[in-house]
Chemist: 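Encoded as structure tokens, here's the structure I'll be asking about.
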Amino acid sequence: MIRNSQWDLGISFVGCGSAMPHKVITNDQLGQRVDTNDEWIKSRTGIGERRVIGENESLIELATEAAFDAIKMADWDVKTIDLIILATSTPEDLFGSAPKIQSNLGASNAVAFDLTAACSGFLFALVTASQYLGSGAMKRAVVIGADQLSKWVDWDDRKTCVLFGDGAGAVAIESSENESGLVGYDLKSDGSKGGCLNLSQSNIFLDLVQGVTHQKGEYLPIQMEGKEVYKFAVKEVPIILGELLDKYQINSECIDWLLLHQANQRILDAVASRFSIPSEKVLSNLRHYGNTSAATIPLMLDEAVRDQRIKSGDLIACSGFGAGLSWGAALFYWHGPH
Ligand code: UT7
């Protein structure tokens with residue numbers, strides 16, 4: 001089923017931003033730690049290097065910087081922001097990191113909360129924010145995707161450690177009576193396949209008092225059945241995008257940019273070829289950042305807007321996918337600042 005995005009108001013994309021950690025880890029450096037090499041990683045994934053948050057950096061700082069850049073591009077007074085959603089699976093505080101970002105920004109009139117949907121998180125958060133704006137309940141929102149998977153990767157597991165990196169990206173969106181940037185979207189979940197990709201709690205129980213134990217708050221490193229997730233992505237992403245294009249009667253030739261979650265270059269290429277989208281229209285920065293989970297889509301968007309590949313009025317076909325399993329797609333026009 002495709003959800004209807006016929007609201008009273010349209011959604012306009014008016015700003016974007018991103019922020020990356022300084023420390024770069026190359027494939028060759030990883031090869032010094034685990035049995036891997038640059039050739040394998042590049043040919044199987046397209047990844048050349050990734051960034052890792054170091055001692056003098058933090059996820060909240062990066063997310064704040066990305067949000068600040070998006071707000072600056074939109075040319076908003078921070079006091080006019082109504083909503084901040086932080087899509088993350090790696091908050092600094094399990095009670096929520098978004099309020100700290102709200103405070104850092106001085107956005108004192110905004111309500112701020114975290115949303116978790118792994119690598120689909122940004123898209124889920126974007127659609128969530130859109131409901132508030134489209135209904136007229138709120139006017140301006142900042143949607144952030146930020147993750148620090150380096151905290152949860154097993155750096156001795158070559159099957160996963162070569163894939164992930166840290167980073168943050170953000171967009172500024174507002175309701176609009178004249179323009180409708182967000183054409184349509186769809187979101188999906190399949191918890192029955194959730195075991196393919198997990199960052200799950202450890203099942204350690206400790207004695208509390210006589211006859212009562214309590215569970216220790218602790219998580220296991222990321223575990224992934226890469227092949228299963230790969231098959232899921234190359235099957236489901238074309239389906240969900242194809243249904244959206246059909247619903248809105250948009251020919252794939254009209255897509256200016258294919259903006260997918262940056263997990264693997266082979267996934268990007270496979271999806272593009274299903275729609276006969278030429279490689280020049282496929283956005284990819286895997287080479288530099290790897291898979292930054294909820295951050296990949298806004299990070300890539302920001303890069304392509306700032307180097308002027310994406311121009312005002314361009315149509316973007318976007319899809320996120322990952323743990324849950326969860327996936328989603330959206331068609332939107334980039335507007336840019338007024
Ligand atoms: O963001 C969440 C979404 N995540 C994804 O979309 C990830 C989707 N999955 C993938 O991108 C791919 O499945 C991977 C990149 C994770 C793995 O690529 P693959 O082509 O599916 O490789 P594989 O797991 O089938 O492994 C092939 C071989 C194996 O060796 P044998 O059994 O053929 O001897 C692995 O042990 O490659 C070996 N291998 C490695 N070799 C060198 C696995 N990882 C590495 C490595 N370096 N890092």
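Both ligands and their constituent atoms are indexed starting at 1 by order of listing.
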Chemist: Restricting to non-hydrogen atoms, name the atom on Thr26 and the atom on Arg50 that form the minimum distance, rounded to 0.1 Å.
Modeler: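 Of all heavy-atom pairs spanning Thr26 and Arg50, the closest is C-NH1, 3.5 Å.
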Chemist: What protein heavy atom sits nearest atom 10 (C) of ligand 1, and how far away is it?
Modeler: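 So the nearest neighbour among protein heavy atoms is Asn264 ND2, 3.7 Å.
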Chemist: Closer than 4.0 Å to some heavy atom of Thr45 - which atoms of ligand 1 meet that?
Modeler: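 Answer, ordered by atom number: 15 (C).
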Chemist: Under a 4.0 angstrom heavy-atom cut-off, which atoms of ligand 1 come close to Asn291?
Modeler: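 Those qualifying, in numeric order: 1 (O), 2 (C).
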Chemist: Is atom 22 (O) of ligand 1 close to the protein, meaning a heavy atom under 4.0 Å from it?
Modeler: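 There is a protein heavy atom less than 4.0 Å from atom 22 (O) of ligand 1.
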Chemist: Among all the protein's non-hydrogen atoms, which is closest to atom 25 (O) of ligand 1, and how far away is it?
Modeler: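 Answer for atom 25 (O) of ligand 1: Lys227 NZ, 2.8 Å.
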Chemist: If the cut-off is 4.0 Å to any non-hydrogen atom of His261, which atoms of ligand 1 fall inside it?
Modeler: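 Close to His261: 1 (O), 2 (C).
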Chemist: So Ser150 and Phe164, side-chain contact (heavy atoms from CB on, under 4.5 Å) or not? Walk me through it.
Modeler: CA-CA 7 Å; Ser150 64; Phe164 300 107; over 6 Å; no
Chemist: Between ligand 1 and Thr160, can you find any atom pair, the residue atom being a heavy atom, that is separated by under 4.0 Å?
Modeler: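 No heavy atom of Thr160 comes that close to ligand 1.
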Chemist: Could you list which atoms of ligand 1 come closer than 4.0 Å to a heavy atom of Ile267?
Modeler: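 Counting from 1, the qualifying ligand atoms are 6 (O).
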Chemist: Find all atoms of ligand 1 within a distance of less than 4.0 Å from any non-hydrogen atom belonging to Leu197, and give their numbers and elements.
Modeler: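 Once the distances to Leu197 are compared, the set is 2 (C).
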Chemist: Given Thr80 and Asp77, is the side chain to side chain donor-acceptor pair (under 3.5 Å) satisfied, shown in steps?
Modeler: CA-CA 6 Å; Thr80 65; Asp77 175 346; 5.5 Å; no
Chemist: Does a side-chain heavy-atom distance below 4.5 Å link Ile316 with Leu301?
Modeler: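 Yes. Closest side-chain heavy atoms under 4.5 Å.
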Chemist: For His261 and Thr296, does a side-chain donor sit closer than 3.5 Å to a side-chain acceptor?
Modeler: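 Yes, Thr296 and His261 have a side-chain donor paired with an acceptor closer than 3.5 Å.
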Chemist: Return a yes/no value: protein heavy atom under 4.0 Å from atom 33 (O) of ligand 1?
Modeler: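 When distances to the protein are checked, atom 33 (O) of ligand 1 has no heavy atom within 4.0 Å.
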Chemist: Looking only at side chains, do Glu49 and Asn27 share a donor and an acceptor under 3.5 Å apart?
Modeler: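 No - no donor-acceptor pair under 3.5 Å links their side chains.
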Chemist: For the residue pair Phe232 and Trp327, does the interplanar ring angle fall in the parallel (under 30°), tilted (30 to 60°) or perpendicular (over 60°) class?
Modeler: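 Phe232 and Trp327: perpendicular rings.
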Chemist: Verify whether one side chain among Gln262 and Asn291 offers a donor that lies under 3.5 Å from an acceptor in the other.
Modeler: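 No - no donor-acceptor pair under 3.5 Å links their side chains.
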Chemist: Check the side chains of Asp269 and Gln265 for a donor-acceptor pair under 3.5 angstrom, ignoring hydrogens and angles.
Modeler: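 Side-chain D/A pair, Gln265 to Asp269: present.
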Chemist: Looking only at protein heavy atoms, which one is nearest to atom 4 (N) of ligand 1, and what is the separation?
Modeler: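 Minimum-distance protein heavy atom for atom 4 (N) of ligand 1 reads Val229 CG1, 3.5 Å.
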Chemist: Kindly identify the option in Arg266, Met224, Glu228 whose heavy atom sits closest to atom 7 (C) of ligand 1.
Modeler: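 Of the listed residues, Met224 has the closest heavy atom.
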Chemist: Evaluate the side-chain proximity of Thr292 to Asp166: yes if any heavy-atom separation is below 4.5 Å, no if none is.
Modeler: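 The answer is no; the side chains never approach within 4.5 Å.
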Chemist: Stepwise, does the side chain to side chain donor-acceptor pair (under 3.5 Å) test hold for His335 with Glu174?
Modeler: CA-CA 11 Å; His335 187 279; Glu174 65 184 8; over 6 Å; no
Chemist: Should Phe124 and Leu115 count as side-chain neighbours, where that means a heavy-atom distance under 4.5 Å?
Modeler: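 Counting from C-beta outward, Phe124 and Leu115 do come under 4.5 Å.
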Chemist: Below 4.0 angstrom, counting only protein heavy atoms, does anything approach atom 29 (C) of ligand 1?
Modeler: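 Under 4.0 Å from atom 29 (C) of ligand 1, zero protein heavy atoms found.
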Chemist: What's the shortest distance from atom 47 (N) of ligand 1 to any protein heavy atom, and which residue and atom give it?
Modeler: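 Scanning the protein heavy atoms, the shortest distance from atom 47 (N) of ligand 1 goes to Thr36 OG1, 2.6 Å.
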Chemist: Under 4.0 angstrom from ligand 1, any heavy atom of Ile41?
Modeler: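 Heavy atoms of Ile41 never come under 4.0 Å of ligand 1.
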Chemist: What's the shortest distance from atom 27 (C) of ligand 1 to any protein heavy atom, and which residue and atom give it?
Modeler: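 For atom 27 (C) of ligand 1, the nearest protein heavy atom comes out as Arg44 NH1, 3.6 Å.
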Chemist: Relative to atom 8 (C) of ligand 1, which among Gly226, Ala233, Gly324 owns the nearest non-hydrogen atom?
Modeler: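 The option holding the nearest heavy atom is Gly226.
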Chemist: Does the side chain of Thr90 pick up a donor-acceptor pair with the side chain of Asp147 at under 3.5 Å?
Modeler: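 Yes, Asp147 and Thr90 have a side-chain donor paired with an acceptor closer than 3.5 Å.
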Chemist: Among all protein heavy atoms, pick out the one at the shortest distance from atom 36 (O) of ligand 1; state its residue, atom name and that distance to 0.1 Å.
Modeler: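 Sorting protein heavy atoms by distance from atom 36 (O) of ligand 1 puts Arg158 NH2, 2.8 Å first.
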Chemist: Check ligand 1 against Val162 and write out every atom of the ligand that is under 4.0 Å from a heavy-atom position of the residue.
Modeler: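 Matching atoms, with element in brackets: 48 (N).
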Chemist: Nearest to atom 2 (C) of ligand 1, what protein heavy atom do you find, and at what distance?
Modeler: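 I find the closest protein heavy atom is Cys119 SG, 3.5 Å.
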Chemist: Flag atom 39 (N) of ligand 1 as yes if some protein heavy-atom distance to it falls below 4.0 Å, otherwise no.
Modeler: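 Under 4.0 Å from atom 39 (N) of ligand 1, at least one protein heavy atom found.
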Chemist: Please lay out, stage by stage, how Phe13 and Phe332 fare under the test ring-ring contact (aromatic ring centres under 6.0 Å, His included).
Modeler: CA-CA 8 Å; Phe13 289 70; Phe332 65 90; 4.3 Å; yes
Chemist: Phe321 near ligand 1, heavy-atom distance under 4.0 Å?
Modeler: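 Right, Phe321 reaches ligand 1.
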Chemist: Within ligand 1, which atoms have a heavy atom of Ala263 less than 4.0 Å away?
Modeler: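 Those of ligand 1 that fall under 4.0 Å from Ala263 are 5 (C), 6 (O).
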Chemist: If you measure from atom 41 (N) of ligand 1 to every heavy atom of Tyr230, Trp327, Trp40, which option wins on shortest distance?
Modeler: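 Nearest option to atom 41 (N) of ligand 1, by heavy atoms: Trp40.
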